[in-house]
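Following: one structure in structure tokens, then a few remarks.
We name chains A, B, ... by the order of the sequence lines, and we start the count at 1 in each one. Remember, it's a predicted structure, so these values are computed and weren't measured experimentally. Scope of the values below: all heavy atoms of this structure, side chains included, with no hydrogens, waters or symmetry mates.
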Amino acid sequence: MPELPEVETTLRGISPHLLNQKIEAITVNQPQLRWLIPDSVIQLANVTVISLERRAKYLLIQMDNQQSLIIHLGMSGSLRFCHPSDERRKHDHVIFHLNDTQELRYHDPRRFGCFLMEPTTSVFEHPLLIKLGPEPLCSDFNPDYLIALAKKRHKSIKTLIMDQHVVVGVGNIYACEALFSAGIHPATICNKVPTKKLKALVSAIHEILTAAIAQGGTTLKDFVQSDHQPGYFAQQLCVYGRANQPCPTCDTEITVMTLGQRSTFYCSTCQK
DNA sequence: CGAACCTCCTGCGGGC
DNA sequence: TGCCCGCAGGAGGTTC
């Protein structure tokens, strides 16, 4: 579920409530996520949040004890604010106790998310973060960069842009949408994509992610923002999840194929 | 090194 | 109605 826009939406939702807020304690109901939640997280108490940021799909929460919490939402994770008396739902695995009227709950049915702790000074050197590619919305991700990479790799353009070591934050939904926007068939081997189209692809990724963030992300099944509202970008998807429906541009039926073991949606007329 | 496949887990929708 | 199967937005690990 959460791709970059959903993680960014979560960050923007939780930041105002967590910044300078004290975390009194943490309750872990289910420690087995993608990896076991470490004791350093479980034992966290009486710390104050001093900054929050996002790197790729990771949330980084810096605290006043020189430690930073690294959270990944996996495929089905979400963070939302609740009143302590609100009924606890199945799969509410982690509870941040903030004060008498508010707590933050991490909910993740599939348990592919993770919670890690790292000294703040070395958080970006963490093995999970150090090899990540550039942020898609920063100037390091530009046509020259993608053209140089595409030239020396041999895989489909779709799996290239979904590789977090190439560019972060582009998941299956937005990869499909960006390739549609740029008019590129997703199975094209990346070194065969014309330079002009690679330039269009960089722009498309930038525009689609920006638009999705503005809409609060995409809610397909159960993604909700931290205030429990859904994201509204799903209404603007052109190809993703629209198998056999007409292409919004030319009315050709949208095709589905599998690439890198992921469902891939495209228009066989618009994308060559 | 790069590419392709496997894997973790639960929930849901479609088909019978 | 209910059961079973396949599939789902991520991405690290393994293997070749």
Side-chain angles (χ1 to χ4, degrees), chain A residues 1-10 29-37 54-59 70-79 89-94 106-116 126-133 136 148-179 186-191 205 208-209 212-213 215-225 230-244 256-265:
Chain A
M1 163 209 340
E3 300 188 27
L4 185 139
E6 291 73 42
V7 180
E8 181 67 25
T9 296
T10 299
N29 298 318
Q30 166 59 275
Q32 189 62 56
L33 301 184
R34 182 183 185 97
W35 298 292
L36 198 66
I37 296 179
R54 177 190 61 73
R55 170 69 174 119
K57 298 174 192 169
Y58 294 91
L59 292 168
I70 303 173
I71 301 176
H72 195 291
L73 302 177
M75 255 169 133
S76 59
S78 61
L79 285 165
R89 300 185 309 156
K90 192 178 180 183
H91 307 306
D92 279 346
H93 302 314
V94 181
Y106 176 74
H107 182 261
D108 185 5
R110 291 177 70 181
R111 287 197 263 139
F112 288 172
C114 72
F115 277 67
L116 300 165
H126 189 282
L128 292 177
L129 301 186
I130 194 161
K131 290 183 176 174
L132 292 172
L149 252 176
K151 193 184 293 184
K152 62 183 182 188
R153 303 289 290 273
H154 190 84
K155 65 199 303 195
S156 71
I157 185 66
K158 184 186 178 226
T159 55
L160 183 77
I161 60 171
M162 286 183 67
D163 183 341
Q164 302 300 298
H165 307 308
V166 172
V167 58
V168 302
V170 181
N172 202 26
I173 298 176
Y174 300 113
C176 291
E177 294 298 313
L179 288 164
T188 313
I189 300 302
C190 59
N191 61 21
I205 289 170
I208 287 168
L209 292 178
I213 290 168
Q215 298 277 308
T218 301
T219 294
L220 287 183
K221 249 185 217 159
D222 57 358
F223 174 74
V224 289
Q225 305 181 42
Y232 293 101
F233 192 71
Q235 303 164 21
Q236 295 175 36
L237 299 178
C238 293
V239 290
Y240 184 82
R242 301 190 67 245
N244 305 317
V256 199
M257 69 179 296
T258 298
L259 268 182
Q261 304 177 199
R262 313 307 292 262
S263 296
T264 302
F265 300 85

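- Between A/Phe115 and A/Tyr106, the angle of the ring planes goes over 60°, which puts this pair in the perpendicular group of the 30/60° scheme.
- Closest approach to the A/His165 side chain among C/dG10, C/dG12, B/dT10 is made by C/dG12 (side chain taken as heavy atoms from C-beta onward).
- The nucleotide C/dT14 finds its pairing partner in B/dA4, both defining distances of the Watson-Crick or G-U wobble pair being shorter than 3.5 Å.
- The side-chain heavy atoms of A/Ile70 and A/Arg55, taken from C-beta on, include no pair separated by under 4.5 Å.
- Nearest to the side chain of A/Trp35, among C/dG12, B/dG11, C/dA11, sits C/dG12.
- The phosphate of B/dG11 has OP1 or OP2 within less than 4.0 Å of a side-chain N or O from A/Lys90.
- A distance of about 15 Å separates the P atoms of C/dC7 and B/dC5, rounded to the whole Å.
- Between A/His72 and C/dA11, a side-chain N or O to OP1/OP2 separation shorter than 4.0 Å is present.
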- List the steps and the verdict of side chain to side chain contact (heavy atoms under 4.5 Å, CB included) for A/Cys176 and A/Lys158. CA-CA 8 Å; A/Cys176 291; A/Lys158 184 186 178 226; 3.9 Å; yes
- Message: Return a single string for nucleotides 2-9 of chain B, one symbol per nucleotide in 5' to 3' order, where B is base contact, S is sugar-phosphate-only contact and - is none, cutoff 4.0 angstrom on heavy atoms.
- Response: SS-BB-BB
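- Remark: the separation of the P atoms in B/dC6 and C/dG6 is 15 Å, to the nearest Å.
- One finds a side-chain N or O of A/Tyr58 lying less than 4.0 angstrom from the OP1 or OP2 phosphate oxygen of C/dG12.
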